[in-house]
Amino acid sequence: MIVLGIETSCDETATAIVRDDRTILAEAVLSQIEAHAPYGGVVPEIAARAHLDNLDGLVTRVLDEAGVGFADLDGVAATAGPGLIGGLLVGSTMGKAIAMVHDKPFVAANHLEGHALTARLTDGVDFPYLLLLVSGGHCQFVSVEDVGRYRRLGATIDDAVGEAFDKTAKMVGLGYPGGPQVEAAARAGDPRRFDLPRPMRGRPGCDFSFSGLKTAVRRRIEALPGGRPAPQDVADLCASFQAAVADSLTDRCRNALAMFREAHPQGGPLVVAGGVAANAFLRERLAAVAAQSGTPLIAPPLRLCTDNAVMIAWAGVERLRLGLHDGLDFAPVPRWPLDSLGGA
Ligand code: KG4
Ligand code: ZN
């Protein structure tokens with residue numbers, strides 16, 4: 001089975017062709033970071049136009065690279081939510097048009113399901129497993145029980161962790177997106193210089209909170225001479241912020257692992273996904289917590305942690321081989337929580 005995947009939910013235009021034996025035949029990602037950088041964040045209208053300009057070419061490129069034609073496809077999967085509606089419309093309309101013209105089944109893919117199932121493609125992981133999804137828009141623990149069967153154990157009550165990285169970067173004068181720059185700056189910093197709160201630490205459950213931490217960073221900056229951080233201050237702020245995030249995540253993770261074990265005594269690995277999972281420091285700390293409870297940590301390769309179409313094509317494979325697909329009248333949904341999805 002060969003599936004074309006299309007991802008346009010945020011600021012990456014991406015296409016991929018994946019086979020059901022877990023082979024990635026071709027993949028392409030076009031980041032719009034430069035188009036949005038002057039605004040310090042993603043501008044929906046600019047994103048939608050860029051998807052429109054580039055998607056056609058990216059579909060052709062992966063077909064050529066994989067050496068397959070439309071006729072060889074067994075289905076088309078396009079992200080239909082959650083995300084920015086303009087981009088979702090561009091990608092899902094393209095997916096539906098290809099499916100209709102070439103008479104192939106269409107899968108309206110959930111972006112979060114794409115992140116959630118990636119480890120099955122990259123590492124052949126079996127159900128169930130505990131997923132920590134950490135990105136710019138999402139921050140949650142999910143018990144992944146089957147295709148379409150997800151139980152949310154905890155989530156952020158305010159900001160997503162990637163958002164906190166991006167806002168911290170902006171406050172200390174680093175560019176967008178902030179995560180990679182904060183991680184790089186933190187390497188030269190002292191994580192003990194600034195005393196920052198560890199949000200939610202010690203509380204029952206596995207919810208997150210990051211807005212208080214963000215405010216605390218702002219106060220520390222305001223207290224600096226002249227209210228502006230010098231280069232060493234930036235490094236120390238980033239290191240202190242990252243250490244606080246790590247302490248908060250690992251504390252929450254301990255509880256999530258216990259909750260998961262209670263429902264699944266036979267266990268299952270901890271899988272991290274989403275852009276923040278690219279952070280090597282956080283991965284190391286999470287691996288240590290997982291190891292303490294005898295749980296392996298599985299982290300897909302970086303390029304498959306951030307937004308991509310391989311995960312969308314793979315979600316299509318997982319659904320199509322269960323006989324699941326969607327009508328061409330499926331309307332994109334900006335908000336589409338994982339635990340509202342259906343499966344077989
Ligand atoms: O999954 P993703 O590509 O897009 C969605 O939000 O869906 O995640 C992007 C987020 C951004 O907030 C970015 O700052 C963060 O992931 N990120 C990182 C790192 N690389 C990307 N955060 C911390 N450390 C990193 N190395
Ligand atoms: Zn994402």
Side-chain angles (χ1 to χ4, degrees), residues 5-14 16 27 29-33 36-37 40-42 44 47 51 79-84 87-88 91 109-119 131-140 142 155-156 159-172 174-187 189 208 210 213-214 217 237-239 241-246 248-249 271-286 299-312 314-315 334-338:
I6 295 174
E7 158 63 37
T8 55
S9 69
C10 191
D11 61 341
E12 256 92 34
T13 316
E27 56 185 306
V29 183
L30 205 78
S31 167
Q32 306 171 3
I33 283 177
H36 300 288
V42 177
H51 291 308
T79 306
L84 301 171
L88 294 173
N110 179 293
H111 179 88
L112 303 174
E113 178 166 77
H115 279 304
L117 298 178
T118 299
L131 171 75
L132 170 59
L133 178 59
V134 277
S135 74
H138 302 279
C139 189
Q140 51 188 273
V142 180
T156 184
D159 295 349
V161 60
E163 204 178 340
F165 267 93
D166 293 334
K167 286 178 178 166
T168 295
K170 204 170 179 178
M171 286 189 284
V172 299
L174 296 173
Y176 173 84
Q181 306 205 36
V182 169
E183 182 180 14
R187 277 190 214 110
F208 302 93
F210 291 103
L213 178 57
K214 178 187 69 190
V217 171
L237 280 162
C238 288
F241 166 79
Q242 198 172 252
V245 170
S248 178
L249 282 185
V271 172
V272 289
V276 181
N279 187 298
F281 177 77
L282 295 179
R283 277 195 199 213
E284 221 170 90
R285 291 285 308 272
L286 289 167
L302 298 188
R303 71 178 207 290
L304 300 180
C305 275
T306 52
D307 288 351
N308 66 87
V310 170
M311 68 180 193
I312 301 305
W314 178 253
R335 251 192 62 79
W336 192 7
L338 257 188

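First listed ligand is number 1; within each ligand, the first listed atom is number 1. Values in this document were obtained by computation on a predicted structure and should not be read as measured data.
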Option nearest atom 12 (O) of ligand 1 (shortest heavy-atom distance, choices L133, D166, T168): D166
Shortest protein heavy-atom distance from atom 24 (N) of ligand 1, along with the residue and atom involved: N279 ND2, 3.0 Å
Protein contact to atom 9 (C) of ligand 1 [nearest heavy atom, distance to 0.1 Å]: G136 N, 3.8 Å
Residues E27 and R303 bridged, charged N to O under 4.0 Å: yes
Proximal atoms of ligand 1 relative to G137 (non-hydrogen, under 4.0 Å): 6 (O)
Non-hydrogen atom of C10 closer than 4.0 Å to ligand 1: no
Ligand 1 contact on T306 by region, counting heavy-atom pairs under 4.0 Å: both
Residue D307 atom name (nearest to the Zn ion (ligand 2); N/O/S): OD1
Among E284, Q242, R285, the one residue meeting side-chain hydrogen bond (donor to acceptor under 3.5 Å, both in side chains) with N279: Q242
Per-atom contacts, ligand 1 versus E183 - under 4.0 Å to a heavy atom: 25 (C), 26 (N)
Interatomic spacing from CD in E12 to CG in L30 - rounded to 0.5 Å: 9.0 Å
Minimum-distance protein heavy atom relative to atom 17 (N) of ligand 1: G275 O, 3.6 Å
Within-4.5 Å side-chain heavy-atom neighbours: L237 and T168: no
Distance from atom 15 (C) of ligand 1 to nearest protein heavy atom, with residue and atom: V276 CG2, 3.9 Å
Parallel, tilted or perpendicular: rings of H115 and H111 (30°, 60°): perpendicular
Heavy-atom check, side chain of S248 versus side chain of V161, under 4.5 Å: no
From W314 atom CH2 to L304 atom CG, the distance as rounded to the nearest 0.5 Å: 12.0 Å
Numbering as shown, the atoms of ligand 1 that approach G162 to under 4.0 Å (heavy-atom distance): 12 (O)
Spacing of CG belonging to L132 relative to NE2 belonging to H138, to within rounding of 0.5 Å: 13.5 Å
Angle in degrees, rounded to 10°, that NE2 of H111 and NE2 of H115 form at the Zn ion (ligand 2): 90°
N/O separation below 3.5 Å, E12 to ligand 1: no
Which residue and heavy atom of the protein sit nearest atom 3 (O) of ligand 1, plus the separation: D307 N, 3.3 Å
Exam field: side chain T79 to backbone G81, donor-acceptor pair closer than 3.5 Å: no
Inter-residue atom distance D307.CG - S135.OG, 0.5 Å rounding: 7.0 Å
Atoms of ligand 1 close to F165 [distance to a heavy atom under 4.0 angstrom, numbered from 1]: 22 (N), 23 (C)
Closest protein heavy atom to atom 18 (C) of ligand 1, given as residue, atom name and distance to 0.1 Å: G179 CA, 3.4 Å
